[in-house]
Amino acid sequence: MTFPLPQPVFDANASTGGFGDLPDWDLSDLYPAPDAPEFARDMAQLENDCGAFAADYEGKLATLDAAQMAQCIARYETIETTAGRLMSYAGLRYYQNTTDAGRVKLMADAQDKITTFTTPLVFFSLEFNRIDDARYEAVFNDPLVNRYKRVFDRMRAMKPHQLSDEMEKFLHDQSVVGAAAWNRLFDETTAALEFEVLGETLNLEATTTLLSDHDRAKREAAARELARVFGENIKIFARVHNTLAKEKEIEDRWRKMPTPQTGRHLSNDVEPEVVEALRNAVVAAYPRLSHRYYALKARWLGLDKLQVWDRNAPLPTEAPRKIMWDEARATVLEAYAAFAPQMAELAQPFFDKGWIDAGVKPGKAPGAFAHPTVTTVHPYVMLNYLGKPRDVMTLAHELGHGVHQVLAAGQGEMLASTPLTLAETASVFGEMLTFRKLLDGAKTKAERKTLLAGKVEDMINTVVRQIAFYDFECKLHAARAQGELTPDDINALWMSVQAESLGPAFEFMEGYETFWSYIPHFVHSPFYVYAYAFGDGLVNALYAAYADGLPEFQQKYFEMLKAGGSKHHKELLAPFGLDASDPAFWDKGLSMIAGFIDELEAMED
C-alpha cells in the first residue's frame with residue numbers, strides 16, 4: 001500500500017508573463033495550514049487506524065463472510081482516504097515550490113511517517129491473494145461486496161509475482177530511501193536548473209517554451225542552452241536512470257516478471273498484446289504521419305532540413321499572439337458546454353474555487369497535471385500558463401482529467417482510480433472538443449491551416465513521440481540489465497529512436513542526444529508514456545463515433561467516466577462499438593491524424 005505524490009506531467013510548455021489574473025490553489029479544502037491541528041490529528045488517527053486494522057484482520061481474511069468483508073473494505077478505504085488526503089496536501093504544497101526547505105521537509109516527513117504507519121497493512125494484499133479461489137468467488141459474488149470484485153481481481157493478478165510477507169514489508173519500508181529519494185533528486189535538480197538565453201536567466205519551463213517561439217534565433221539559442229545545461233548535469237541524470245532501472249530489474253527478477261513492462265501492464269489492467277498492437281501500428285505509421293508532416297513543415301519554413309528547434313515552431317503565417325487567461329477559460333468552457341452543459345458545470349468550480357494553480361513561480365514544478373487528491377475532496381489542476389495556443393489546449397486537457405476525477409469519485413477510494421490507459425481519455429477528449437470549436441470558428445484558410453497544423457503537431461507529440469519514448473525506455477531497461485550505462489550509452493539509445501520517429505526531414509544538433517534527461521515519466525512512472533498514445537487513439541475513435549451521431553453518446557460518455565476503475569476497457573468501450581484489442585482499432589485513430597495531414601497537403605495545391 002503506497003501513497004505516491006502527484007507527479008508533474010509535461011503536457012505543454014509554460015513560462016511567465018502577464019496574462020490576466022491567474023488563479024492560485026486554495027488548499028484549505030485539504031487542510032487549513034501545514035501546522036494545523038487537523039493535519040496532526042489525521043496523522044495520529046492514521047497510525048491508530050492502521051494498527052487497529054492489522055490487529056483485527058491479519059490472519060483472518062480467508063474466514064470473513066460477505067458482511068464482514070464489506071466492513072473490512074470500508075475500514076481500508078477510510079485509511080486510504082486519510083493517507084491520501086495527508087500526502088496530497090504535502091505533495092501539492094511541495095510542487096508549488098520544490099526549492100522551499102519547509103515544503104520539502106513537510107512532504108518528506110509525511111511520506112516517511114505514512115510509509116511507517118502503513119507497513120502493518122502490507123499483509124492485506126498478500127493474504128488476500130492467498131484466499132482460495134472458490135472461497136474468493138463465493139464471497140465476492142455476494143451483492144454486499146460484488147462491486148469491489150474488479151479491484152480485487154486486479155490485485156489477485158499480482159499473485160504469481162508476490163514475495164514473502166517479510167520481503168514485501170522490507171520493500172515497503174525501504175521505498176522512502178529507494179525510488180522516492182531518487183525521484184526527489186530528479187525533481188529538485190530539474191527545478192533548480194538555470195539557463196542563460198540571450199542575456200536572460202530562465203528556468204527549464206521558460207526555456208523549453210522558447211522552442212516554440214516565432215524567432216528562429218531564439219529557438220536555436222534555447223535549444224543550444226538546453227543542451228549545454230543538460231550536458232553539465234548529465235552524470236546526475238545518468239545516475240538516477242541507472243539506479244532506478246537497476247532497482248526495477250532486481251525487483252522484477254525477484255517477482256518473476258517476464259518483462260520490464262509487465263508490471264505497468266498489470267497496473268494498467270491492459271493486455272501486453274494490446275499495447276504491442278498499438279506500438280506496432282504507430283511505428284508502422286511513422287512514414288505517413290511524422291515523416292510526411294515534417295517534410296511539409298520544412299517546405300513551409302523554407303528549409304532543406306529541420307533542426308530540433310524547428311519541431312514545434314509556429315507557422316510563418318501564424319501571427320504571434322498572447323491569449324489572456326479569461327479568453328482561455330471562456331474558450332474551454334464554451335467548448336465543453338457545446339458538447340454537454342453538464343461538462344462545463346463540472347469544470348466551472350475549478351476556476352471559481354481555487355482548484356487551479358496557473359502562474360509560473362520560482363521553484364514551481366514544471367509542466368502540468370491534475371491530481372485527484374481523495375474522493376471526499378476534489379481534484380487540483382496545476383498549469384504553467386504562458387498565454388500560448390498550446391497552453392489553452394493544456395487547460396482543456398487537465399480540466400478533462402479534473403472532470404473525469406470528479407465524476408469517478410462516486411465510486412469511492414478503491415474504485416475511483418482509472419488505469420493509466422483510460423486515464424487520458426477525458427483529457428484528450430477535452431482537447432479535441434476545444435480544437436473542434438476553434439476549427440469550426442476559423443474565418444480564413446490561413447487560420448484553418450494554422451489550427452490544423454497545431455493539432456497535427458499535438459497529435460504527433462502525443463502518439464508518435466510518446467511511442468518513441470516507450471521504445472527508448474524498452475531499450476534503456478534492456479541495456480541496463482546487461483550492465484551499467486554511461487551517459488554516452490543512454491544518449492545513443494535516445495538518438496536511435498529519435499531518428500526513426502522524426503524521419504529524414506531532420507538534422508540533429510550536437511547536444512540533442514542529452515534531451516532524454518529532463519523527461520519526468522522515465523523517472524516517476526516507467527513505461528507510463530504509452531498511455532498517451534492509447535488515450536489519443538481511443539479518443540479519435542470515440543470522437544468519430546460522436547461525429548457519426550451515435551445515439552445517446554453524451555450519456556454513454558458520462559457513464560464511462562463515472563465508472564472510474566470499476567470496469568475493464570472492453571466493457572467500457574462496448575457501448576460505443578469499440579474494441580481496443582482489435583489491431584484494426586488503432587488504425588482508425590491514426591487515420592484521423594493522416595486525414596488532417598491530407599487536408600494540409602491539399603492546401604498547398
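As a basis for the values below, the full set of heavy atoms in this structure was taken, side chains included, without hydrogen atoms, waters or symmetry mates.
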Donor-acceptor contact below 3.5 Å, side chain [X] vs main chain [Y]:
X      : Y      : answer
Gln405 : Ala370 : yes
Arg85  : Leu30  : yes
His524 : Asn183 : no

Please work out whether the ring planes of [X] and [Y] are parallel, tilted or perpendicular, with thresholds of 30° and 60°.
X      : Y      : answer
Tyr89  : Phe39  : tilted
Phe429 : Phe339 : perpendicular
His371 : Phe369 : perpendicular
His241 : Phe522 : perpendicular

Short N-O contact, [X] and [Y], less than 4.0 angstrom:
X      : Y      : answer
Lys353 : Asp26  : no
Asp579 : Lys570 : yes
Arg150 : Asp269 : yes
Arg448 : Glu599 : yes
Asp187 : Arg184 : no
Glu457 : Arg311 : no
Glu559 : Lys556 : no

Test item: [X] and [Y] side chains (from C-beta on) under 4.5 Å apart, heavy atoms:
X      : Y      : value
Glu398 : Ser427 : no
Tyr532 : Asn461 : no
Lys449 : Leu315 : yes
Glu194 : Leu202 : no
Phe596 : Lys455 : yes
Thr82  : Ile79  : no
Phe534 : Val270 : yes
Leu502 : Val308 : no

Would you say the side chains of [X] and [Y] form a donor-acceptor pair under 3.5 Å?
X      : Y      : result
Gln466 : His521 : no
Thr375 : Glu413 : yes
Glu424 : His397 : yes
Asp42  : Tyr31  : yes
Gln111 : Tyr94  : no

Nearest heavy atoms of [X] and [Y], plus distance in Å:
X      : Y      : answer
Ala285 : Leu590 : CB-CD1, 4.0 Å
Ala368 : Thr394 : CB-CG2, 3.7 Å
Asp326 : Arg329 : OD1-NH2, 3.0 Å
Val497 : Ala468 : CG2-O, 3.6 Å
Val406 : Pro379 : CG2-CD, 3.6 Å

Q. Taking everything shown except Lys218 itself, do over 12 heavy atoms lie less than 6.0 Å from its NZ?
A. no

Q) If you draw a 6.0 Å radius around CG in Asp548, do more than 12 non-hydrogen atoms from other residues or ligands fall strictly inside? A) yes

Q) Just one of Asp357, Thr98, Asn97 clears the side-chain hydrogen bond (donor to acceptor under 3.5 Å, both in side chains) bar with Lys364, so which one? A) Asp357

Using the benzene-type ring in the case of Trp, are the ring centres of [X] and [Y] under 6.0 Å apart?
X      : Y      : answer
Tyr528 : Tyr470 : no
Trp494 : Phe469 : yes
Phe350 : Tyr380 : no
Tyr546 : Tyr543 : yes
Phe230 : Trp516 : no

Q | Verdict with supporting geometry, Val360 and Tyr385, side-chain contact (heavy atoms from CB on, under 4.5 Å) | A | CA-CA 7 Å; Val360 175; Tyr385 188 77; over 6 Å; no

Q: Quick one: do Met560 and Phe576 satisfy side-chain contact (heavy atoms from CB on, under 4.5 Å)? Show the steps, please.
A: CA-CA 10 Å; Met560 179 178 70; Phe576 304 94; 3.9 Å; yes

Q | Candidate pair Glu473 and Val529, rule side-chain contact (heavy atoms from CB on, under 4.5 Å), full reasoning | A | CA-CA 9 Å; Glu473 284 192 275; Val529 290; 3.4 Å; yes

Q: Please report the C-alpha distance between Leu210 and Trp309 in whole Å, then the side-chain angles of each, then the deciding distance to 0.1 Å, and finally whether the side-chain contact (heavy atoms from CB on, under 4.5 Å) criterion is met.
A: CA-CA 9 Å; Leu210 290 177; Trp309 56 82; over 6 Å; no

Q) Does the pair His404 and Phe558 meet the rule for a ring pair (Phe, Tyr, Trp, His ring centres under 6.0 Å), with working shown? A) CA-CA 9 Å; His404 192 176; Phe558 283 121; over 10 Å; no

